[in-house]
Amino acid sequence: MRMKTMTKTFFALGTVNKISISYREADEGKVMQAADLVKQMTESMDDRLSVFKAASEMSALNAQAGRGDVRISPDTLKILQASKEWSEITEGAFDITTQPLTKLWSIGESSRIPSPHEIRKAKKLIGYEDLVISGAGNGNGFGTAGLRRKGQSVDLGAIAKGHAADLAHDILSEHGIDEAIINFGGTVIISGRPKSIGIQDPGAPVGTPMGSITASNTAVVTSGSYEKYFIKDGRRYHHLIDPRTGEPAESGLASVTLIGPSAMELDALTTAVFVLGIQKGFSLVRERGLEGVFITDQGDVFLTDGIRGRFSFSDGRRVTDIRKQPQTAGA
Ligand code: ADP
Ligand code: MG
């Protein structure tokens with residue numbers, strides 16, 4: 001039976017989303033239907049979650065900050081609950097209430113450095129403990145959520161793509177599709193035969209890989225300081241904010257790629273690990289049983305043990321030449 005491939009690309013969640021599917025000709029109808037469903041699901045998620053849409057659940061939640069709770073639909077409840085959990089697990093390195101800071105910096109649209117006063121003011125509003133969620137005790141899956149203080153706001157930018165990619169993967173599986181690549185703005189899920197995925201060289205133009213990993217039936221997610229940034233006086237101001245300093249994280253890392261079963265978990269964790277830096281990040285990743293590729297500002301590469309056999313450098317360097325663990329000396 002002849003195999004065909006199809007690619008569907010669409011814009012949602014502030015990024016380009018792409019699914020590529022290999023299938024037998026006879027399954028064409030089913031494949032097209034599944035691809036349409038993925039697009040619809042992602043667009044409806046954008047309608048519920050976007051802070052740029054006045055009618056979204058997130059806008060309602062943020063507008064009511066300090067006033068009261070709003071009703072939250074079942075899937076939004078899930079991502080909010082997960083976001084709060086990841087904020088707790090990472091002790092606020094990933095903090096779901098970072099929006100006052102991300103808005104202040106507006107990296108990608110603005111290249112203004114906010115004043116220390118503005119940063120202090122925005123930083124005071126950060127605190128995931130103030131997001132109070134009441135679960136789906138009523139049986140219909142709906143719940144409520146509220147932010148305790150006026151001016152606080154939630155931004156799902158660091159986690160929504162992961163959740164959407166997981167749901168897209170579920171839709172494809174339900175349609176019997178098992179050869180696919182889901183790529184939602186760098187949040188990737190690979191199904192079927194092993195495939196090679198390039199890992200961007202953080203110091204080179206976009207599209208230049210530093211190396212690649214071979215992966216199958218897993219999610220692969222990267223956060224890097226090369227995605228959105230401006231440079232001023234030799235410092236790179238990027239979109240991954242350290243909620244503790246109120247500034248773009250300067251942790252010594254230039255990118256973090258994580259490999260594991262849940263794209264949503266990896267999406268939250270790549271952001272957190274980037275903020276935490278290599279020492280703490282490396283232990284967190286190992287604790288959670290995940291694999292990862294860490295690239296420092298100096299271009300040094302560190303790999304977790306489980307990924308060493310599946311990583312190769314583009315320039316022919318050997319993996320056996322790189323140090324096994326980040327050095328503590330000088331840290
Ligand atoms: P990208 O979306 O570029 O792939 P991430 O998944 O790491 O990268 O998400 C970055 C986005 O998450 C930022 O644009 C911002 O909206 C939000 N964000 C930045 N820093 C944090 C943080 N420390 N905790 C939670 N969200 C953050
Ligand atoms: Mg993320």
Side-chain angles (χ1 to χ4, degrees), residues 11-18 46 49-52 58 62 79-80 82-110 119 122-123 125-129 131 152-166 182-189 199-200 202 206 219-230 236-251 253-260 262-277 280-281 284-285 290 292:
F11 192 86
L13 303 173
T15 192
V16 177
N17 306 287
K18 192 162 142 184
D46 192 306
L49 303 185
S50 174
V51 292
F52 302 108
M58 264 341 93
N62 293 340
I79 190 169
L80 275 180
S83 298
K84 181 147 180 185
E85 270 171 44
W86 288 113
S87 302
E88 285 161 358
I89 290 166
T90 64
E91 294 172 358
F94 167 91
D95 187 315
I96 200 55
T97 64
T98 303
Q99 154 91 349
L101 284 167
T102 50
K103 196 171 160 206
L104 176 64
W105 284 90
S106 288
I107 306 280
E109 289 131 52
S110 161
I119 293 174
K123 218 172 64 175
L125 293 168
I126 316 303
Y128 60 85
E129 307 85 359
L131 172 65
Q152 289 190 306
S153 58
V154 160
D155 159 21
L156 297 163
I159 191 167
K161 277 180 291 173
H163 183 50
D166 285 333
I182 296 164
N183 184 343
F184 283 7
T187 293
V188 176
I189 301 181
I199 295 177
Q200 172 67 34
V206 173
V220 182
V221 180
T222 301
S223 279
S225 57
Y226 55 84
E227 291 170 32
K228 281 186 197 160
Y229 65 90
F230 66 91
R236 183 187 291 250
Y237 294 87
H238 55 78
H239 72 315
L240 302 166
I241 305 288
D242 186 338
R244 301 162 301 186
T245 62
E247 297 185 19
E250 281 192 292
S251 66
L253 281 171
S255 87
V256 182
T257 300
L258 296 180
I259 298 115
S262 154
M264 177 166 73
E265 167 178 1
L266 300 189
D267 205 354
L269 278 180
T270 51
T271 307
V273 168
F274 191 100
V275 168
L276 289 170
K280 286 188 180 150
L284 180 60
V285 167
L290 303 170

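Model, not experiment: these values are computed from the prediction. Atoms within each ligand, like the ligands themselves, are counted from 1 in listed order.
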Is Asp95 touching ligand 1 with its side chain, its backbone, both, or neither, if touching means heavy atoms under 4.0 Å apart? backbone

Which ligand 1 atoms does [X] reach within 4.0 Å, using its non-hydrogen atoms?
X	result
Thr98	22 (C), 24 (N), 25 (C)
Glu227	1 (P), 3 (O), 4 (O), 8 (O)
Pro243	23 (N)
Lys161	1 (P), 2 (O), 4 (O)
Asp155	15 (C), 16 (O), 17 (C)

Looking at [atom], what's its closest protein heavy atom, distance included?
atom	value
atom 5 (P) of ligand 1	Thr271 OG1, 3.5 Å
atom 18 (N) of ligand 1	Thr102 CG2, 3.9 Å
atom 20 (N) of ligand 1	Ile241 N, 3.1 Å
atom 14 (O) of ligand 1	His239 CD2, 3.5 Å

Judged by non-hydrogen atoms, does [X] sit under 4.0 Å from ligand 1?
X	answer
Gly186	no
Leu240	yes
Ala249	no

To 10 degrees, how wide is the angle OG1 (Thr271) to the Mg ion (ligand 2) to O (Ala158)? 110°

Option passing ring-ring contact (aromatic ring centres under 6.0 Å, His included) with Trp105 (candidates Tyr237, Phe230, Tyr229): Tyr237

Does any N/O atom on [X] come nearer than 3.5 Å to any N/O atom on ligand 1?
X	result
Phe94	no
Asp267	yes
Asp242	no

Answer yes or no for Val221: is there an N/O/S atom below the 2.8 Å cut-off from the Mg ion (ligand 2)? no

Quick check: does Ser223 have an N/O/S atom under 2.8 Å of the Mg ion (ligand 2)? no

Hey, does Thr98 have a side-chain heavy atom less than 4.5 Å from the side chain of Asp155? no

Check Asn17 against Gly185 and note the closest heavy-atom contact, atom names and distance. OD1-N, 4.3 Å

Look up atom CD in Gln99 and atom CD in Gln152, then write down how far apart they are to the nearest 0.5 Å. 11.5 Å

Interatomic distance, Ile96 atom CD1 to Ser153 atom OG [nearest 0.5 angstrom]: 10.5 Å

Please check: side-chain N/O of Thr270 versus main-chain N/O of Val256, any donor-acceptor pairing under 3.5 Å? no

Has Ser106 got a side-chain atom pairing as donor or acceptor with Glu109's backbone, closer than 3.5 angstrom? no

Criterion side-chain contact (heavy atoms from CB on, under 4.5 Å) against Lys161, the qualifying member of Asn183, Leu156, Thr15, Asp166: Thr15

Selection from Gly185, Ala158, Pro248 by shortest heavy-atom distance to atom 26 (N) of ligand 1: Ala158

For Glu227, the side-chain contact (heavy atoms from CB on, under 4.5 Å) test, sequence neighbours excluded, returns His239

